[in-house]
Amino acid sequence: MKSEPDVFSIDDLMRSPGITEPWDGVRNYQARNMLRDEMKKGDLALFYHSSCEEPGIVGIMEIVKEGYPDSTAFNPKHKYYDPKSKADNPAWYRVDVKLKRKLNRTITLTELRDTKSLQNMKLMQRGNRLSVMPVTKKEWNIILSLENKKIM
DNA sequence: GCCAACGTTGGC
DNA sequence: GCCAACGTTGGC
């Protein structure tokens, strides 16, 4: 799950009450489908910092509430307001995430690109812009094995 | 700031 | 339904 740290960072999540926050503001249908249909309570997710100095994976989260309507879309004053989404037929969904732990260090995008066994990851695919995307168990294990392996 | 690669919009 | 124009994402 991607977030721009200037908007919402792993440290913001650490400071949240109960280290839990709704992951809202996703306005892309493919990503919406994953939030609404795919992600289950107890699932784990990687927190990715995008559009920043050091893009990469910074933490592990747990889904603590499954997809439910993103009410920020209903509020005309909210920055995520979307008039197309109505309370009786919501277009956008969110999940609640809880921080499991912050990684010892950022596993950078460069490093992921340099890892041969991760070349098929969704994240690596050209022009990929999804803010929520699947990670296979195998990829997950490889990624986390990098955490304590090499210091860039 | 640039630009590639998408997604969305709207005229026809 | 097509497709050009426009907007957005996100790495660099």
Side-chain angles (χ1 to χ4, degrees), chain A residues 1-16 21-39 43-63 66-97 99-136 138-147 149-152:
Chain A
M1 304 176 79
K2 294 186 193 172
S3 179
E4 298 183 25
D6 291 346
V7 179
F8 184 76
S9 73
I10 183 113
D11 292 322
D12 293 326
L13 180 56
M14 271 203 299
R15 282 190 292 267
S16 300
E21 278 288 323
W23 197 273
D24 50 26
V26 173
R27 298 290 179 265
N28 168 286
Y29 286 104
Q30 263 180 282
R32 186 280 312 269
N33 291 346
M34 279 183 274
L35 292 172
R36 188 189 58 188
D37 308 328
E38 306 288 335
M39 301 170 80
D43 283 353
L44 299 181
L46 298 169
F47 194 132
Y48 179 92
H49 279 172
S50 68
S51 289
C52 58
E53 221 166 284
E54 196 176 47
I57 295 163
V58 293
I60 300 175
M61 305 182 289
E62 179 181 345
I63 310 306
E66 289 178 19
Y68 64 105
D70 181 350
S71 62
T72 62
F74 308 144
N75 180 359
K77 294 204 173 73
H78 201 281
K79 61 179 170 173
Y80 295 142
Y81 176 60
D82 182 356
K84 293 196 300 292
S85 186
K86 306 290 180 197
D88 58 359
N89 184 21
W92 306 117
Y93 281 72
R94 60 184 165 187
V95 299
D96 285 357
V97 295
L99 183 67
K100 292 283 280 186
R101 68 180 182 90
K102 187 177 171 175
L103 299 187
N104 302 329
R105 64 187 188 88
T106 300
I107 299 175
T108 64
L109 178 60
T110 311
E111 205 176 333
L112 298 174
R113 285 199 194 289
D114 287 344
T115 303
K116 287 205 171 53
S117 49
L118 292 176
Q119 292 317 298
N120 292 327
M121 269 187 81
K122 275 275 190 300
L123 181 67
M124 300 300 155
Q125 288 169 12
R126 273 164 67 83
N128 167 62
R129 302 184 327 181
L130 277 182
S131 60
V132 180
M133 68 187 84
V135 178
T136 68
K138 201 172 167 188
E139 289 160 354
W140 179 282
N141 291 333
I142 294 168
I143 291 164
L144 290 182
S145 76
L146 295 174
E147 184 183 8
K149 198 179 277 180
K150 46 177 164 170
I151 305 300
M152 302 292 281

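All figures in this text were calculated on a predicted structure; none of them were measured in a lab. Within every chain, numbering begins at 1; the chains are lettered A, B, ... in the order of the sequence lines, protein sequences first and strands thereafter.
- Among the protein residues, A/Arg27 comes within range of no part of the nucleic acid, since none of its heavy atoms lies under 4.0 Å from any strand.
- Distances from the side chain of A/Arg129 to the nucleotides B/dT9, C/dG7, C/dG11 place C/dG7 closest.
- Across the protein-nucleic acid pair, A/Glu111 atom CD and C/dG11 atom P stand 15 Å apart, rounded to whole Å.
- Nearest approach of A/Leu103 to A/Ile107, heavy atoms of both residues: CD1-CD1, 3.8 Å.
- In this structure, the CD atom of A/Glu4 is 15 Å from the P atom of C/dC12, given to the nearest Å.
- Side-chain contact between A/Lys138 and A/Asn120 is absent, with no heavy atoms from C-beta onward closer than 4.5 Å.
- Rounded to whole angstrom, the span from the CH2 atom of A/Trp92 across to the C1' atom of B/dT8 amounts to 10 Å.
- Atom-to-atom, CG of A/Asp82 to P of C/dG7 comes out at 17 Å; the value is rounded to the nearest Å.
- Contact annotation: the side chain of A/Ile63 never approaches that of A/Trp23 to less than 4.5 Å [non-hydrogen atoms, C-beta and beyond].
- The separation between A/Gln125 atom CD and B/dG7 atom P is 12 Å, rounded to whole Å.
- Across all strands shown, A/Glu54 has no heavy atoms under 4.0 Å from either base or sugar-phosphate atoms.
- We find that CG of A/Leu112 is positioned 11 Å from P of C/dG11, with the value rounded to whole Å.
- Distance, A/Asn28 CG to C/dT9 P: 10 Å, rounded to whole Å.
- A side-chain contact (heavy atoms from CB on, under 4.5 Å) with A/Ile142 is found for one member of A/Val135, A/Leu118, A/Thr136, A/Leu112 and no other, namely A/Leu118.
- Atom P of nucleotide C/dC12 and atom CG of A/Asn128 are separated by 13 Å, given to the nearest angstrom.
- Here A/Gln30 reaches the OP1 or OP2 of B/dG7: one of its side-chain N or O atoms lies under 4.0 Å away.
- For A/Tyr29 and B/dC6, the shortest distance from a side-chain N or O to OP1 or OP2 is not below 4.0 Å.
- Within the 4.5 Å cutoff, side-chain heavy atoms of A/Trp140 are placed close to those of A/Ile60.
- In this model, the phosphate group of C/dT9 is not approached by any side-chain N or O of A/Lys2 to a distance below 4.0 Å at OP1 or OP2.
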